[in-house]
K.L.:
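Got a structure for you, questions after.
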Amino acid sequence: MSLINVILSGAIINNIALHRFFGAEPLLGYGRGRSRASAMGMAVTAVMTVSGVISWPLGRYLEKAGVGYLSLMLYAVIICLVCLALWAALKPVFKKTGVWLPIVALNSGVLGAASQAAQRESFLEGAVMSVSAGLGFWLAVTLLAGLQSRIKEQYIPRPFRGLPVQLLTAAILSMAFLAFK
Amino acid sequence: MNKKNDISLVLFLGACPILANSAGLWQGVVAAAAMAVIMLVFSLLPAKKLGVFGCFIAAVGLATAAQMTLSAFWPSAAAGMGSYLAVSLTGLIAVRQAEVNRLGHTVKSILTLAAAIVVTASLRELFGAGAIGGMEIAFFKAHTINILAQAPGAFIIFAFVAALFNGLTGGGRIEAAGELTGEAAGLKEER
C-alpha cells in the first residue's frame with residue numbers, strides 16, 4: 001500500500017473516531033468551542049504520532065519474543081510516558097488553551113492508533129499511519145465543533161439535547177466521510 | 001448516581017465501547033459482560049493511590065485479560081472482534097469508575113451500560129441487517145436500512161436510545177455535559 005493510501009485511509013476513509021469509534025468520548029465530550037477543539041486535536045495528534053512511532057519497534061519485539069498479548073499494556077505505558085513528557089515540555093501552552101493533556105490523551109483513540117500503527121508492515125507505514133490517524137481525529141473534532149456551534153443556535157427538542165444531538169451530528173459527519181470509501 | 005450524572009447516557013463516558021460493539025446482539029452481550037467484569041474489578045482497586053496513569057494502565061490490563069479469557073473460552077467471538085474489544089473497553093469509563101469506587105454506583109453503572117450496549121446492538125442488527133442474534137426476521141430483512149449497518153448507524157441508533165432515555169427521565173437538562181467529563185473522572189483537582 002502506498003503511503004498516500006495510508007494517509008488517506010487513516011485520516012479520512014477509516015477515520016479512527018468516526019468509523020472505528022475509538023476516542024468517541026473526547027470527540028463528543030470536548031468538541032465544544034472551535035479553538036479548544038482544535039487545540040485538543042493538535043495535542044491528541046502529537047501523542048498519537050509519538051506513541052505510534054515508539055510502539056512499532058517495541059510491539060514487533062514483543063511479537064518476536066512470543067508475548068504479543070502484552071502489547072496493549074506496553075502501548076499504554078508508552079502513551080502515559082509520552083503524555084507526561086509532552087505535559088512537562090508544553091505545560092504553559094496546554095494551560096493557555098484549556099487542554100488538560102492526560103484526560104484528552106488517555107483514551108481508546110490513542111491506544112487504538114498505537115495498536116494499528118504497530119500492525120503495519122514497515123516502520124515508515126506505521127509512522128505515517130499514526131500521523132494520519134491523529135490528523136483524522138483532529139479533522140473530525142474540529143468539524144464537529146464547527147457543526148455544534150451552529151446547532152447551538154437552533155431549537156432542539158428537549159430529549160435530543162446533550163448527547164443525542166451530538167451523536168446525530170457525528171452521524172452526519174460519519175456519513176460525509178463514508179462518501180470517500 | 002442519579003439521572004443527571006448517568007455515565008453513558010449523559011456524560012459521554014462509555015460511548016466508545018457502546019458504539020464499537022454495536023454490530024450485533026451477541027457482540028453487544030459479550031462486550032457488556034466483559035465491561036461488567038472490568039468495572040466490578042476496577043471498583044475494588046485503590047484509584048487514588050494509582051493516579052490517572054495507573055488507572056489507565058490497570059484498565060488496559062483488565063481489558064487485555066478479558067480479551068484473553070474470551071479467546072480461551074470463545075475463540076470464534078474473540079477472532080471476530082480482534083483487539084477491538086480490549087481497545088474499546090479501555091478509556092475514561094474506567095477512570096470514572098475508579099473515582100466513584102462504590103459498589104452501589106458500580107452496579108447501577110453496569111446495568112445502564114449493559115442495557116445501552118445490548119439495546120443499541122440489537123436495534124442496529126434488526127434494522128441494519130434484518131436479524132436478531134443472527135436469526136433473520138423476514139419483514140425486517142425485506143426492509144433493511146443499509147446505512148444502519150455501517151459506521152454512521154451506530155451513532156444514529158445510540159442517539160435515539162439516549163433520546164429515549166432523556167424522554168423517559170425528563171433529561172436533556174445538562175446541555176454542557178461534555179464540560180463535566182473532566183470533573184466526572186475525578187481529575188479536575190489534579191490539574
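By convention in this document, chain letters (A, B, ...) are assigned in the order of the sequence lines, proteins followed by strands, and residues within each chain are numbered from 1. Just so it is clear, the model here is predicted, and its values are computed rather than measured.
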K.L.:
For the ring pair A/F21 and B/F155, is the centre-to-centre distance below 6.0 Å?
P.N.:
yes
K.L.:
Going by the side-chain contact (heavy atoms from CB on, under 4.5 Å) test, name the single residue among B/I117, B/V119, B/I156 that passes it with B/V161.
P.N.:
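In the set B/I117, B/V119, B/I156, the residue that makes a side-chain contact (heavy atoms from CB on, under 4.5 Å) with B/V161 is B/V119.
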K.L.:
Of the backbone (N, CA, C, O) and the side chain (C-beta and beyond), which part of B/L164 lies under 4.5 Å from a heavy atom of chain A, both, or neither?
P.N.:
neither
K.L.:
Quick one: OG on A/S130 to CD1 on A/I16, what's the gap to the nearest 0.5 Å?
P.N.:
9.0 Å
K.L.:
Using non-hydrogen atoms only, which part of A/L168 is less than 4.5 Å away from chain B: side chain, backbone, both, or neither?
P.N.:
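Answer is both: backbone and side chain atoms of A/L168 are under 4.5 Å from chain B.
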K.L.:
Determine, using ring centers only, whether B/F160 and B/F127 are less than 6.0 Å apart.
P.N.:
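Not close enough - the centres of the two rings lie 6.0 Å or further apart.
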K.L.:
Under 4.5 Å from any heavy atom of chain B, what part of A/L173 do you find: side chain, backbone, both or neither?
P.N.:
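Contact with chain B: none, neither part.
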